[in-house]
Amino acid sequence: MDKLLIEGGAVLRGEVAISGAKNAALPILCAALLSAEPLELSNVPELNDIATMLRLLEEMGVKIQRDGHRVTLDASQISNPVASYERVKTMRASILVLGPLVARCGEARVSLPGGCAIGARPVDQHIKGLQAMGAEVTVEQGYVHAKANRLKGARICTDMVTVTGTENLMLAACLAAGETIIENAAREPEIVDLANCLVAMGARISGAGTDTIRIQGVERLHGAQHRVMPDRIETGTYLCAAAVTGGTVRLTDTSVAYLDAVVDKLLDAGCEITMERDAIRLQAPARLKAVSLRTAPYPAFPTDMQAQFMAMNCVADGVATIRETIFENRFMHVNELLRLGANIQIEGNNAVVRGVERLQGATVMATDLRASASLIVAGLVAQGETLIDRIYHLDRGYEKIEDKLHALGARVRRVR
Ligand code: EPZ
């Protein structure tokens, strides 16, 4: 089991390039299922979750060619519209094959994704939406089994804002008969990126990025080329790493268009931020000011940045209140931060963080992807060495993380 060893105290300086967005690439890979012609993608990040999705698609009969960040998918023959438990249990986002498989093949069997460290993660809204479009859906032996000769357009209003729920239904609606209207839709930039790719394939979609998305079903989609958008959460994570060390960094191949809520909080914490067309520069103060935050669906503060900001607040000047409103158990990083000497009290879905002068390095354990990132942020500024165990979580969502941290001057290395 790999571990990451960090020696705290380095001030991060320099420049790194941001990779393509994991949470845009995953649904976009599934979009390939909707067409018999090749989908050519670029800027696809080299991550374990991406590799898992590609293996899943191959098991269905999709032919995959991969060359670094370029991936070509040929779904002309889908021989096996099934996503097995073995595959799905390692990555919940596998549920994103359900909608496109039913739309393209008329049938799909997808294992229910288990819960994960941050919550139960049900998919009832995905199922409800497909049923509204006329799919016959049964759930038995832990599998969702959905069938439909041809989906038909429907008006769907999800009970809560769900990112992959919105994506699954948008994917399914592309080949349905008639118009589908998704209300209470998630507005995340990754959904806009997916819609842009689908439109390039011939889909008829309007309203992506707003809370009402309209999809006019078509008979078939054709091949296309698409470049995956930059990863806004990776961008935010490196901004936090630089900010907590009092550093100055420039992140390239990224866009700040989607990080307003995060940038606002970094400005409140005392950072100076310069935005360029496809780059962002951050200059941190000697010591950050504590910033309170409340997670909520886009464009509000993203839940995927909550853990990283908590780590920053551990050594900031003042007291911060962090409220997590999206997932019921997304404070798994708190116990690990306490091991580093942080002062955090949890009250329900609120955490009160009192900044301390200094954290002390220790051995800690990663529990989920973004919790792992928060332990890196804390380890960079803790006195002495921090050893982070179970960093396979990290490898799911951060491409070449120790190389990029190295390039910024961090004293970090992977130990087997
Ligand atoms: C997506 O997860 C992201 N994953 C998550 O990123 C992100 O944290 C999350 O959206 C919120 O922004 C991908 O895009 C692959 P939701 P998703 O459906 O779609 C409840 C990361 O670190 N809900 O928007 O699974 C759900 O339990 C990951 O990259 C239902 O109750 O999240 C949660 O409380 C972690 N029923 C809330 O809605 C449903 O059918 C929002 O979940 C669907 C969701």
Side-chain angles (χ1 to χ4, degrees), residues 19-30 45 47-50 52-53 56 88 90-99 110 112-132 137 139 144 156-172 182 184-194 211 228-229 231-237 258 261-262 294-308 324-333 349 366-374 393-399:
S19 303
K22 168 177 83 79
N23 289 351
L26 289 170
I28 286 171
L29 290 174
C30 297
L47 299 169
N48 289 356
D49 272 7
I50 298 295
T52 300
M53 183 62 87
L56 173 62
V88 174
T90 62
M91 186 184 63
R92 314 180 15 57
S94 310
I95 193 68
L96 283 166
V97 303
L98 180 64
V110 177
L112 274 174
C116 71
I118 62 179
R121 314 288 296 274
V123 290
D124 54 298
Q125 301 297 307
H126 302 233
I127 292 171
K128 173 186 146 189
L130 287 175
Q131 287 171 325
V137 183
V139 178
V144 180
I156 301 163
C157 183
T158 53
D159 296 354
M160 81 292 295
V161 173
T162 158
V163 174
T164 50
T166 301
E167 292 167 343
N168 227 337
L169 298 175
M170 191 162 77
L171 285 160
I182 304 173
N184 200 21
R187 297 161 55 185
E188 270 67 5
E190 291 75 23
I191 289 175
V192 177
D193 204 34
L194 172 61
D211 62 3
V228 174
M229 69 177 279
D231 194 316
R232 63 191 169 100
I233 303 302
E234 185 194 19
T235 304
T237 302
Y258 318 116
V262 172
R294 178 182 182 280
T295 67
Y298 190 87
F301 191 92
T303 174
D304 289 351
M305 286 300 304
Q306 177 257 105
Q308 298 89 316
E324 171 58 55
T325 72
I326 304 288
F327 291 110
E328 64 269 30
N329 186 31
R330 202 167 197 177
F331 285 149
M332 303 284 280
H333 39 289
N349 65 349
T367 51
D368 59 271
L369 173 55
R370 307 304 174 181
S372 320
S374 81
H393 291 291
L394 265 179
D395 295 331
R396 299 186 52 171
Y398 289 98
E399 187 177 51

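Basis for what follows: all heavy atoms, side chains included, without hydrogens, waters or symmetry-related copies. Counting starts at 1 for both ligands and their atoms, in listed order. Only a predicted model underlies this, so the values are computations on that prediction, with no experimental measurement involved.
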Open item on the list: For Asn23, run the side chain to side chain contact (heavy atoms under 4.5 Å, CB included) check against Val163, Ile233, Asp304 and tell me which one passes.
Closed with: Asp304
Open item on the list: Would you say that more than 12 heavy atoms from the other residues, nucleotides or ligands in this model lie under 6.0 Å from the OH of Tyr258, or not?
Closed with: no
Task: Under 4.0 Å from ligand 1 - residues by heavy atom, chain and number - done: Lys22, Asn23, Arg92, Ala93, Arg121, Pro122, Val123, Asp124, Gln125, His126, Met160, Val161, Thr162, Val163, Thr164, Thr303, Asp304, Ile326, Phe327, Arg330, Leu369, Arg370
TODO: Could you tell me whether a side-chain N or O of Gln125 sits under 3.5 Å from a main-chain N or O of Asp159, the two making a donor and an acceptor?
DONE: yes
Task: side-chain contact (heavy atoms from CB on, under 4.5 Å) evaluation trace for Asn349 with Glu328 - done: CA-CA 7 Å; Asn349 65 349; Glu328 64 269 30; over 6 Å; no
Task: Gln306 side chain vs Arg330 backbone, donor-acceptor pair below 3.5 Å - done: yes
Task: Ion pair check, Glu190 and Arg232, cut-off under 4.0 Å - done: yes
